[in-house]
Amino acid sequence: MALHDQGCQRRSARQKAELPLEHVDLAFSDWQLWADAPHFSRTAFAETLDGGQAFRWNRIKNCFEGRWAKNTVRLRQDNSGILWCAPTGDNPEAVGSALAQYFALDTDFAGQTDALPWRSDPVLKTAIEAFPGLRILRQPLGETLFGFLCSSTKQIPQIKAICEAVAIDMGDPLPDGSHALPSWAQIAAAGETRLREAKLGYRARYINQTAVFLSQNPGWLDETEALPTSEARQRLISLPGVGRKIADCVLLFGMGRLEAFPIDTWVQKILVRAYGLEGWKSDPLLDFARVHFGPSAGLAQQYLFAAARAGLIAKK
DNA sequence: GCACAGGTAGATT
DNA sequence: AATCTACCTGTG
C-alpha cells in the first residue's frame, strides 16, 4: 500500500513536470538478449523509438521503456546487441513475437534503404549514413491513428504527455502499474470533455467523433488495412480530423506502407531547402517524392526527418 | 504580449 | 482551385 501510494505521488509530480514516468524496477524481469534483434546504430536505435514515429517511449536511466497494445517493454543497447526486459510474469515468447511484429522484422529495411537513390542524392546519403539501421515501426493501427490525431501543431513532448494523460484517465491498467492507450469504445464513452481535460484542445472534437464512429463500426480499421494504399488513404481521410498528412502517418507507421510519404512542416522545409524547390506546395512535393525516392519514399522521409532534427541537413 | 508548434475543415476569394 | 482562418494549449 505504501509502495502504491508512493508510486502515484511520483507519477503525478512527474506528470506535472512532463517528465517520463518511472516505475518500480522490482516489477521487471532480468535483462535478456533479444536474439532476433535487427542491427541498429546507437543513433538509429534512439531515433526509431523516440523520434516521432511513436509517442509512448521514454528514456529511463540507460534504457528505453515503451508501451503498445497491452505490452510494456524495456529495451537497452550494449555491445552484445539489444536486451529486453518486461514486467515479471510476462511470457518471454509472447514478448518476442510482439517485438517481432512491432519492429517489422519481416521487412528488409537494409535492402529497402539500399534501393533508395542515395548514390545520386548527397542529402539522402548524409541522412542514411547518420542513422544506420533506422526502421519504420509497425505499430497497432488504432494507436497510430490516435497518436497522430493528437499531433497537429503539437511538439513531440506535448504529444507524449497527452497520450500518457489519456492512457491514465481512460486506458486499461498494465501489470507494471502503467496504462495502455484506451480503445475507441473507451474514448467514446469518456467523451469530448475528458479529452479536453487531457489538453487536447480543438483536437478533442475530432478524436471524439472518430472514436464514436470507430466504436460503432468495429472492424472498419482492419477492413481499411486490407485495401490498396490509395483506397485505404481515402478511407482514413474520411475520418474526422484526418487529412492527407495524418492518413500517410497511419499508412506508414501503422500499416507498413513504405510508399506513404507524410509531408509535415519539417519535411516541407527539408524538401524545399535541400532540393531547391522554393515555392512548391504539398501536392507537387508529393509527386516529387514519389518520383525521386520511389516505392520506399516513406523510409527516405524518416531518414531525412531524423537528419533534419539532428541539424545535419536542410539547415537555414 | 505574441508568434509558433509533426494539421484539418470550412469559408472566402 | 488556391488561399485564408479558426481552432486549444504550451512554450519561447
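Numbers restart at 1 for each chain; the letters A, B, ... are given by sequence-line order, proteins then strands.
- Counting any heavy atom pair closer than 4.0 Å across all strands shown, Gln209(A) reaches no nucleic acid atom.
- Within the structure, a side-chain polar atom (N or O) of Lys269(A) is placed less than 4.0 Å from OP1 or OP2 of dA5(B).
- Among dT3(C), dT8(B), dA5(B), the nucleotide with an atom closest to any side-chain atom of Lys281(A) is dT3(C).
- Here the side chains of Leu181(A) and Ile187(A) are not in contact, with every heavy-atom distance at 4.5 Å or above.
- Of the P atoms belonging to dC8(C) and dA11(B), the separation is 16 Å, rounded to the nearest Å.
- Stacking annotation: Tyr202(A) is not stacked on the base of dC8(C) (requires ring centroids less than 5.5 angstrom apart and an interplanar angle below 30 degrees).
- Rounded to a whole Å, the NZ atom of Lys160(A) is 16 Å from the C1' atom of dG10(C).
- Spacing between atom CG of Leu200(A) and atom P of dT8(B) amounts to 15 Å, rounded to whole angstrom units.
- Contact annotation for Gly51(A): base contact, defined as any heavy-atom pair under 4.0 Å involving a base atom.
- Atom CZ of Arg205(A) is separated from atom P of dC7(C) by 10 Å (rounded to the nearest Å).
- Separating the CD1 atom of Ile162(A) from the P atom of dT11(C) is a distance of 11 Å, rounded to the nearest angstrom.
- The separation between Gln155(A) atom CD and dC4(B) atom P is 13 Å, rounded to whole Å.
- Shortest non-hydrogen contact noted between Gly147(A) and Cys163(A) is CA-SG, 4.4 Å.
- Here dG7(B) presents its P atom at 16 Å from CZ of Arg244(A), a figure rounded to the nearest Å.
- Gly52(A) comes within 4.0 angstrom of a base, heavy atoms only.
- Nucleotide dG10(B) forms a Watson-Crick or G-U wobble pair with dC4(C), both donor-acceptor distances falling under 3.5 Å.
- Straight-line distance from the CZ atom of Phe148(A) to the C1' atom of dA5(B): 15 Å, rounded to whole Å.
- A cation-pi contact links Arg74(A) to Phe28(A), judged by a cut-off of 6.0 Å to the six-membered ring centre and 45° from its axis.
- Atom pair Ile159(A):CD1 and dT11(C):P shows a separation of 14 Å (rounding to whole Å applied).
- Nearest-nucleotide positions on DNA chain B for Gln301(A) and Val242(A) put Gln301(A) closer to the 5' end.
- For Arg196(A), a side-chain nitrogen or oxygen approaches OP1 or OP2 of dC8(C) to under 4.0 Å.
- Across all strands, Lys154(A) comes closer than 4.0 Å to base atoms (heavy-atom distances).
- For the pair Lys160(A) and Glu164(A), the salt-bridge criterion is not met [side-chain N within less than 4.0 Å of a carboxylate O].
- For the pair Arg56(A) and Trp68(A), the cation-pi criterion (under 6.0 Å, within 45° of the ring axis) is not fulfilled.
- Position along DNA chain B of the nearest nucleotide to Leu239(A) versus Gln302(A) favours Gln302(A) as the more 5'-ward residue.
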